[in-house]
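The next block holds one structure in the form of structure tokens; read it before the comments.
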Amino acid sequence: MTLETLGAAVGRGLTVVSVVGIHLWLAGGGVALATGSEAEQVPGPLQEVLIPMPESDCGELLINSDEAYDGGGYAWSYGGVQAPYYGAFGERYSVAGEVCGAVFDLTRILPSAGRTMDVYVWQDQGGLPGVVACVEYGVDPGTIAWFPSVSRHTISLSSVCCVESPWWVGYWGNWPGMLSDWYVGADQDNGSSGFPFTNVAPGIGYPTGWQNVSVTWGPTSALGIGALVRPCEPTPVGGSSWGAIKALYR
């Protein structure tokens with residue numbers, strides 16, 4: 001733990017304990033736990049749910065979580081975050097259409113370091129995130145709520161992102177080798193059939209690649225990751241097509 005992190009934690013009224021590489025931030029009866037300095041968790045339930053209206057109403061909201069986040073929040077730090085997107089989190093959805101926005105329910109325990117996220121949409125490949133369909137680099141999620149509150153962050157996609165079912169949406173926190181800037185909400189028991197996955201970095205003691213978050217944090221139903229989806233616009237008929245020819249005689 002750096003002196004800057006320690007000072008920020010104390011400034012927020014958090015008690016900081018460090019024992020054999022395990023850092024604990026004690027906050028109002030809760031504990032933010034960083035085990036092995038890579039896999040972090042703030043405890044649930046997140047007491048106050050702050051969900052403002054989405055910044056974009058471009059499509060229908062799809063989200064697998066129940067928005068209560070009894071599992072608190074998850075994050076990767078230090079060696080758990082490596083380029084190109086080891087340490088990413090994602091959820092799967094099965095509605096074909098245009099993904100016009102990504103939605104993330106987040107919390108934090110320390111002052112923001114101003115870090116950004118890369119927002120991804122992947123096509124499914126064998127039940128896991130596969131080929132990147134769309135990506136937005138260097139996105140500022142905005143002001144994130146303090147633990148134990150959670151805030152909703154809606155990111156509009158700048159390009160048309162039409163996908164076949166199923167597909168995945170998620171983000172990579174842009175802090176390789178550093179402490180996490182925020183945590184994504186986690187449902188551990190909501191009876192849902194979500195698909196909470198994370199891309200585990202090599203060399204940190206867990207199976208590498210896309211894994212269910214339960215491998216690291218225990219049984220989890222869903223993450224606070226959703227999307228705004230609308231029907232894809234039909235492909236315009238070309239000038240020399242049969243449709244254009246017929247239009248001449250209407």
Can you name the nearest heavy-atom pair linking Leu46 to Val150, along with the distance? CD1-CB, 3.8 Å
With Tyr93 as reference, evaluate Trp168, Phe195, Trp167, Trp122 under the ring pair (Phe, Tyr, Trp, His ring centres under 6.0 Å) test and give the passing residue. Trp167
Excluding sequence neighbours, so at least two apart, what forms ring-ring contact (aromatic ring centres under 6.0 Å, His included) with Tyr69? none
Determine, step by step, whether Glu38 and Tyr206 satisfy the side chain to side chain contact (heavy atoms under 4.5 Å, CB included) criterion, reporting the C-alpha distance in whole Å, the side-chain angles of both residues, the deciding distance to 0.1 Å, and the verdict. CA-CA 11 Å; Glu38 276 113 14; Tyr206 300 100; 5.7 Å; no
Is there a side chain to side chain contact (heavy atoms under 4.5 Å, CB included) between Val81 and Met178? Walk through the geometry before answering. CA-CA 8 Å; Val81 182; Met178 295 181 284; over 6 Å; no
If we only count heavy atoms from C-beta on, is the Pro196 to Phe89 side-chain gap below 4.5 Å? no
Rounded distance [0.5 Å steps], CD1 in Ile155 versus CG in Leu228: 10.5 Å
Can you tell me how far the CG atom of Leu106 sits from the CG atom of Asp181, to the nearest 0.5 Å? 10.0 Å
How close do Trp172 and Gln82 get, heavy atom to heavy atom, and via which atoms? NE1-O, 3.6 Å
Do Trp182 and Trp175 have ring centroids that are under 6.0 Å from one another? yes
Separation between OH of Tyr171 and CG of Asp118, rounded to the nearest 0.5 Å: 12.0 Å
Shortest non-hydrogen contact from Tyr85 to Gly130? OH-O, 4.2 Å
One should read off an interatomic distance between Ser221 OG and Asn64 CG, to the nearest 0.5 angstrom, of 10.0 Å
Pick one: which of Asn199, Thr216, Thr198 meets side-chain hydrogen bond (donor to acceptor under 3.5 Å, both in side chains) with Trp76? Thr198
In the single-linkage hydrophobic clustering (I, L, V, M, F, W, Y; side-chain heavy atoms under 4.5 Å), do Tyr120 and Val160 co-cluster? no
Pairwise distance OG1(Thr220) to CG(Asp187) - rounded to 0.5 angstrom: 9.0 Å
Are we looking at SG atoms under 2.5 Å apart for Cys134 and Cys161? yes
Is there a chain of hydrophobic side chains (I, L, V, M, F, W, Y, each step under 4.5 Å between heavy atoms) that links Ile204 to Tyr86? no
So do the side chains of Asn174 and Pro176 get within less than 4.5 Å of each other, counting heavy atoms only? yes
Does Gln41 use its side chain to pair, donor to acceptor, with the backbone of Gly71 at less than 3.5 Å? yes
How far does CG of Asp105 sit from CD1 of Ile144, to the nearest 0.5 angstrom? 11.0 Å
Checking Glu136 now: which residues fulfil salt bridge (charged side-chain N to carboxylate O under 4.0 Å, His left out) with it, not counting sequence neighbours? none
Measure the shortest side-chain to side-chain distance between Val213 and Leu223 over non-hydrogen atoms and say whether it is less than 4.5 angstrom. yes
Which heavy atom of Thr107 sits nearest a heavy atom of Ser149, and at what distance? OG1-O, 2.6 Å
Does the Ser180 side chain pair with the main chain of Ser77, one donor and one acceptor, at a distance under 3.5 Å? no
Starting from the C-alpha separation in whole Å, work towards a yes-or-no answer on side chain to side chain contact (heavy atoms under 4.5 Å, CB included) for Val184 and Phe104. CA-CA 7 Å; Val184 63; Phe104 306 109; 5.6 Å; no
Which salt bridge (Lys or Arg N to Asp or Glu O under 4.0 Å) pairs, counting each pair once, include a residue from residues 124-135, with sequence neighbours left out? Arg92-Asp124
Over all atoms of both residues, closest heavy-atom pair of Ser112 and Arg115: OG-N, 4.5 Å
Considering only heavy atoms from C-beta outward, does the side chain of His153 approach that of Met117 to under 4.5 Å? no
Audit row: Leu62, Val169, side chain to side chain contact (heavy atoms under 4.5 Å, CB included) steps and yes/no: CA-CA 11 Å; Leu62 302 179; Val169 60; over 6 Å; no
Quick one: closest heavy-atom pair of Ser151 and Ala145, and the distance? OG-N, 2.9 Å
Arg152 and Val103, any side-chain heavy atoms less than 4.5 Å apart: yes
Which one of Tyr78, Tyr183, Tyr74 satisfies the side-chain hydrogen bond (donor to acceptor under 3.5 Å, both in side chains) criterion with Glu40? Tyr183
